[in-house]
S.K.: 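Before we start, here is the structure in question, set down as structure tokens.
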Amino acid sequence: MKSTSCILALSLAIAAPVFAQSGGMVQATPPAEAVAALNRHLASLSRNPQDVNALLGAGQAALDLGDIQAANGFFTRANMVDGRNGRARLGLAVVQIALKQPADAAANFDAASALGVSAQAHLPERALAYDLTGQQAKAQQDYRAVLQANPNDNTARLNYAVSLGVSGNLAEAEQQLKPALTSGDREAWRIRAFVLAMNGQMAEARSIAQTTLPKGLADALEPYLQRLPLLTASQKVSAVHYGEYPADVLRLAAPEPARNRDTQVAATTERERGGRRQTAAERRAAQQAARRASQAQAQQPAPAAAVAQPLPPPPPPAPAASPPPQQPVQTAARAPAPQPTRPVPSSAPATQPASRVTNPAPTAVAAVASAAPSTPAPVASAPTPAPAPAPVPQPVRSLGDTLQALEVPEGERRQVAVADLSAVARIQEQRRVAAAAQQAKAKADAEARAKAEAERKAEAERKAKLAANPSRNWVQLAAGRDPAALAFDLRRLRRTYGDTIAGQDGWTATWGETRRLLIGPFRRPEDARAVVAELRKAGGDAFFWQSEAGEEVSKIGTQ
């Protein structure tokens, strides 16, 4: 499919801005609120990786930042933790439509709705998912809801027109496109060409393509437009929005364009009869009706003249990067009409000796033909040739004898040798380029593996550090630079406040350029604060401190 969609994709790029999915555009400057929300949710996940609310919040923040892959990871993990969470299903659906996975997106939109989660904020994405899976009625219902809430949503209106065109509702599709066409919107003109083509109106579609695109691209696009009626509904939507086209359809013959309403009605009547063969009377009646319709159509003025407000002309074609060179047109001189050839009288001999056959000059032939066109030229009689002697039988030679008798001239040998050397040099160069490319690929793969291994080790170390140093509750007694001095201070404080801090181990952690002297850890913050209150009541100076996850706290005497 990808190999056959380059022409369509190029037409999309030249005719109009690239179609952007909601949530799929990376913003140049990430909003501070989204960055702060993502950091906040990541901190929660570091303490509890199974926190569904944190996973959903991180996924939405990643969507706000335009990181579709990260959002996909967060929503997938949330769905794995809680498979009945409608918000996770809705987030997955929004991500999947941005990743061009419409079938999965439509299924997750339906699942979210069944779980009681409204998709009101994502109706454009859901409508597109339904459109890309052939559910045009549901898609159009969502598009109408979007336009009712915001009539100025031009993207939703154009997508609605595509869906109507796929359904065969050409008149309503044109009505939805009309405001954008009047303003000269090139995207609307491109969509109109596709909608007309998929409904069999190839003449109008071809005219728009030739007007809005460079000639070379418009000519290359025509086979795709001709075969649009052969596609399924979902394939038509994919062709319009993504420029994707099934390769096997291009091998099919293009359908006949729709000529007039009577012809289409006759074809519909034939289908309604279930394929029953027409009688002779029915065929004659159908032919007479087609002739009358053609005569009436020829006598009537053009349909565009009867429209009260005709559509504006399409915008001029976009300049191509490198238009194909135009071949010079040569004017050929009109050749004289050929003169009738007179038959040769039967009395002329059937064969003549080769030595007597001559080719007259063209001027002489023309002169004879113009001088006496009606008088046959006299034919000279030729002597009867002598019978040829009987051929002498030659011995039959085998294929091997014939090949051994062949000799290659010296000039040909030199040419073959030069050709062989050129071929060898070309093959050697190709092998050298292939070897260099293989070495570069191997080097890039090795660097990628080394980088992935380094990242894996760093992640493992980070996880080990988090596991060894979770967030805990402490009581800070003092601070100092020297751990040995802090151990001496702890012994002194035990003698002074033995009853209060008895049974508590001593710990130390970095604090700027100094180190903390800690006791604990305590299971609850309330327990640590109770010890602080007792120490202060006894005249000591202490306060409560809670270490962050991953912050290293070591026991005194082990550092």
S.K.: Could you pull out the closest heavy-atom pair between Leu486 and Ala479, with the gap in Å?
M.R.: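 Result for this residue pair: CD2-C, 3.8 Å.
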
S.K.: State, to 0.1 Å, how close Leu128 and His241 come at their nearest heavy-atom pair, and which atoms those are.
M.R.: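 Smallest interatomic distance, heavy atoms only, reads CD1-CD2, 3.5 Å.
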
S.K.: Without swapping roles, check the side chain of Gln235 against the backbone of Thr232 for a donor-acceptor pair under 3.5 Å.
M.R.: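 Such a contact is found between Gln235 side chain and Thr232 backbone.
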
S.K.: Is any side-chain heavy atom of Leu196 closer than 4.5 Å to a side-chain heavy atom of Glu174?
M.R.: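 Heavy-atom side-chain distance check passes, below 4.5 Å.
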
S.K.: When rounded to the nearest 0.5 angstrom, what distance separates CG in Leu158 from CD1 in Ile191?
M.R.: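 It comes to 4.5 Å.
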
S.K.: Is it the case that the side chain of Thr182 and the backbone of Lys178 share a donor-acceptor pair, with hydrogens and angles ignored and the cut-off at 3.5 Å?
M.R.: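 Yes; at least one donor-acceptor contact below 3.5 Å.
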
S.K.: Would one find more than 12 heavy atoms of other residues, nucleotides or ligands at under 6.0 Å from atom CZ of Phe488?
M.R.: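 12 or below, so no.
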
S.K.: Do Leu123 and Arg126 have side-chain heavy atoms sitting under 4.5 Å apart?
M.R.: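 When only atoms from C-beta onward are counted, Arg126 and Leu123 do touch, with a gap below 4.5 Å.
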
S.K.: So for atom CG, which belongs to Asp248, do other residues, nucleotides or ligands contribute more than 12 heavy atoms lying within a distance under 6.0 Å?
M.R.: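 Count over threshold, so yes.
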
S.K.: With heavy-atom distances below 4.5 Å as the criterion, would you say the side chains of Ser163 and Tyr130 are in contact?
M.R.: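 Counting from C-beta outward, Ser163 and Tyr130 never come under 4.5 Å.
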
S.K.: Shortest non-hydrogen contact from Ser471 to Ser547?
M.R.: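 It is OG-O, 2.7 Å.
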
S.K.: Tell me the salt bridge (charged side-chain N to carboxylate O under 4.0 Å, His left out) pairs involving residues 477-486, sequence neighbours left out?
M.R.: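 Passing the test, one end in residues 477-486: Arg481-Glu513.
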
S.K.: Within a strict 4.5 Å, meaning less than it, do heavy atoms of the Gln136 and Val237 side chains meet?
M.R.: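 They are in side-chain contact.
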
S.K.: Quick one: pull up CG in Asp153 and CD in Gln148 and give me the separation to the nearest 0.5 Å.
M.R.: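 Spacing of CG (Asp153) from CD (Gln148) equals 13.5 Å.
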
S.K.: If you take all heavy atoms of Asn473 and Arg523, which pair is closest and at what distance?
M.R.: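 Heavy-atom minimum between the residues: ND2-O, 3.6 Å.
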
S.K.: Listed by chain and number, what are the ring-ring contact (aromatic ring centres under 6.0 Å, His included) partners of Trp189, not counting sequence neighbours?
M.R.: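 None.
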
S.K.: So Trp545 and Val475, do their side chains get closer than 4.5 Å, heavy atoms only?
M.R.: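 With C-beta onward as the side chain, the pair stays apart.
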
S.K.: Kindly indicate, with the supporting measurements, whether the criterion side-chain contact (heavy atoms from CB on, under 4.5 Å) is fulfilled by Asn159 and Thr155.
M.R.: CA-CA 6 Å; Asn159 293 353; Thr155 300; 3.9 Å; yes

S.K.: Return the OH to CD distance between Tyr497 and Glu534, rounded to the nearest 0.5 Å.
M.R.: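 So the OH of Tyr497 and the CD of Glu534 are separated by 12.5 Å.
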
S.K.: Roughly how far, to the nearest 0.5 Å, is the CD atom of Gln504 from the CG atom of Leu493?
M.R.: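 Going from CG on Leu493 over to CD on Gln504, the span is 13.5 Å.
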
S.K.: Between the side chains of Glu526 and Arg529, is the shortest nitrogen-to-carboxylate-oxygen separation below 4.0 Å, so that they form an ion pair?
M.R.: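 A salt bridge is absent here (no side-chain N lies under 4.0 Å from a carboxylate O).
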
S.K.: Of Lys463, Glu455, Glu461, Lys457, which meets side-chain contact (heavy atoms from CB on, under 4.5 Å) against Glu459?
M.R.: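 Only one option passes, and that is Lys463.
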
S.K.: Does a side-chain heavy-atom distance below 4.5 Å link Ile556 with Leu490?
M.R.: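 They are in side-chain contact.
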
S.K.: Judged by modelled atom types alone, do Asn154 and Asp185 share a side-chain donor-acceptor pair under 3.5 Å?
M.R.: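 Yes, side-chain donor-acceptor contact under 3.5 Å.
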
S.K.: Show every side-chain hydrogen bond (donor to acceptor under 3.5 Å, both in side chains) that has at least one partner inside residues 37-55, sequence neighbours left out.
M.R.: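 Qualifying pairs: none.
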
S.K.: Do the non-hydrogen side-chain atoms of Ile208 and Leu213 ever get within less than 4.5 Å of each other?
M.R.: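 Heavy-atom side-chain distance check fails, nothing below 4.5 Å.
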
S.K.: Please find the pair of heavy atoms, one from Ala119 and one from Leu90, that lie closest to each other, and give the distance.
M.R.: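 Ala119 and Leu90 have their closest heavy atoms at CB-CD1, 3.8 Å.
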
S.K.: Classify the angle between the aromatic ring planes of Tyr143 and Tyr160 as parallel (below 30°), tilted (30 to 60°) or perpendicular (above 60°).
M.R.: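 Tilted: the ring planes of Tyr143 and Tyr160 meet at 30° to 60°.
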
S.K.: Does Tyr224 use its side chain to pair, donor to acceptor, with the backbone of Tyr245 at less than 3.5 Å?
M.R.: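 Answer holds: no.
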
S.K.: Can you spot which of Leu56, Leu63, Leu42 makes a side-chain contact (heavy atoms from CB on, under 4.5 Å) with Phe74?
M.R.: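 Exactly one option meets the side-chain contact (heavy atoms from CB on, under 4.5 Å) with Phe74, and it is Leu42.
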
S.K.: Would you say Glu244's side chain and Ala239's backbone share a donor-acceptor pair under 3.5 angstrom?
M.R.: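 No; judged by distance alone, with no hydrogens or angles, the pair does not exist.
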
S.K.: Is it true that the NZ or CZ of Arg516 lies under 6.0 Å from the centre of Trp474's six-membered ring and within 45 degrees of the ring axis?
M.R.: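 Judged by the rule, Arg516 and Trp474 form no cation-pi pair.
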
S.K.: Could you walk me through whether Leu164 and Val195 pass side-chain contact (heavy atoms from CB on, under 4.5 Å), step by step?
M.R.: CA-CA 9 Å; Leu164 290 168; Val195 168; over 6 Å; no

S.K.: Give me the atom names and distance for the closest heavy-atom approach of Pro223 to Arg227.
M.R.: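 Smallest interatomic distance, heavy atoms only, reads O-NH1, 3.2 Å.
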
S.K.: Please check if the side chain of Arg190 supplies one atom and the backbone of Val240 the other of a donor-acceptor pair under 3.5 Å.
M.R.: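 Yes, Arg190 side chain to Val240 backbone: donor-acceptor pair under 3.5 Å.
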
S.K.: Can you list everything that forms a side-chain hydrogen bond (donor to acceptor under 3.5 Å, both in side chains) with Glu172? Sequence neighbours excluded, please.
M.R.: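 Glu172: side-chain hydrogen bond (donor to acceptor under 3.5 Å, both in side chains) contacts with Gln176.
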
S.K.: Would you mind checking if Asp110 and Lys138 are paired as a salt bridge, meaning a charged N to carboxylate O distance below 4.0 Å?
M.R.: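 Yes, this pair counts.
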
S.K.: Under the criterion salt bridge (Lys or Arg N to Asp or Glu O under 4.0 Å), I'd like the reasoning laid out for Asp445 against Lys441: C-alpha separation, chi angles, the key distance, then a yes or no.
M.R.: CA-CA 6 Å; Asp445 292 343; Lys441 183 179 183 300; 3.0 Å; yes

S.K.: Using a strict 4.0 Å threshold on nitrogen-to-oxygen distance, state whether Asp219 and Lys215 make a salt bridge.
M.R.: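 Salt bridge flag = yes for Lys215 with Asp219.
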
S.K.: First locate atom CG of Leu181, then atom CZ of Arg186, and finally report the distance between them rounded to the nearest 0.5 Å.
M.R.: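 Rounded to the nearest 0.5 Å, the CG-CZ separation comes to 12.5 Å.
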
S.K.: Which residues satisfy the salt bridge (Lys or Arg N to Asp or Glu O under 4.0 Å) test with Lys537, sequence neighbours excluded?
M.R.: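 Salt bridge (Lys or Arg N to Asp or Glu O under 4.0 Å) check on Lys537 returns nothing, list empty.
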
S.K.: Taking the side chain as every heavy atom from C-beta outward, state whether Leu38 and Asp64 have any pair of such atoms under 4.5 Å apart.
M.R.: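 No, every pair of side-chain atoms sits at 4.5 Å or beyond.
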
S.K.: With side-chain contact (heavy atoms from CB on, under 4.5 Å) as the test, would you mind laying out the steps for Val166 and Asp131 before giving the verdict?
M.R.: CA-CA 9 Å; Val166 171; Asp131 240 354; 5.6 Å; no

S.K.: Any pair with a residue in residues 74-88 that passes side-chain hydrogen bond (donor to acceptor under 3.5 Å, both in side chains), sequence neighbours left out, goes on the list, sorted by first then second residue, please.
M.R.: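 Qualifying pairs: Asn72-Thr76, Asn79-Arg89.
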
S.K.: So for atom CD, which belongs to Glu453, do other residues, nucleotides or ligands contribute more than 12 heavy atoms lying within a distance under 6.0 Å?
M.R.: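 Yes, CD of Glu453 has more than 12 neighbouring heavy atoms, counting only those of other groups under 6.0 Å.
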
S.K.: Look at the side chain of Gln546 and the backbone N and O of Pro525, then say whether any donor-acceptor pair between them is shorter than 3.5 Å.
M.R.: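 Answer holds: no.
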
S.K.: To the nearest 0.5 Å, what is the distance between CD1 (Ile519) and CG (Asp505)?
M.R.: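 Answer rounded to 0.5 Å: 10.0 Å.
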
S.K.: Evaluate the criterion side-chain contact (heavy atoms from CB on, under 4.5 Å) for residue pair Phe194 and Val162; output intermediate values, then yes/no.
M.R.: CA-CA 8 Å; Phe194 276 78; Val162 173; over 6 Å; no

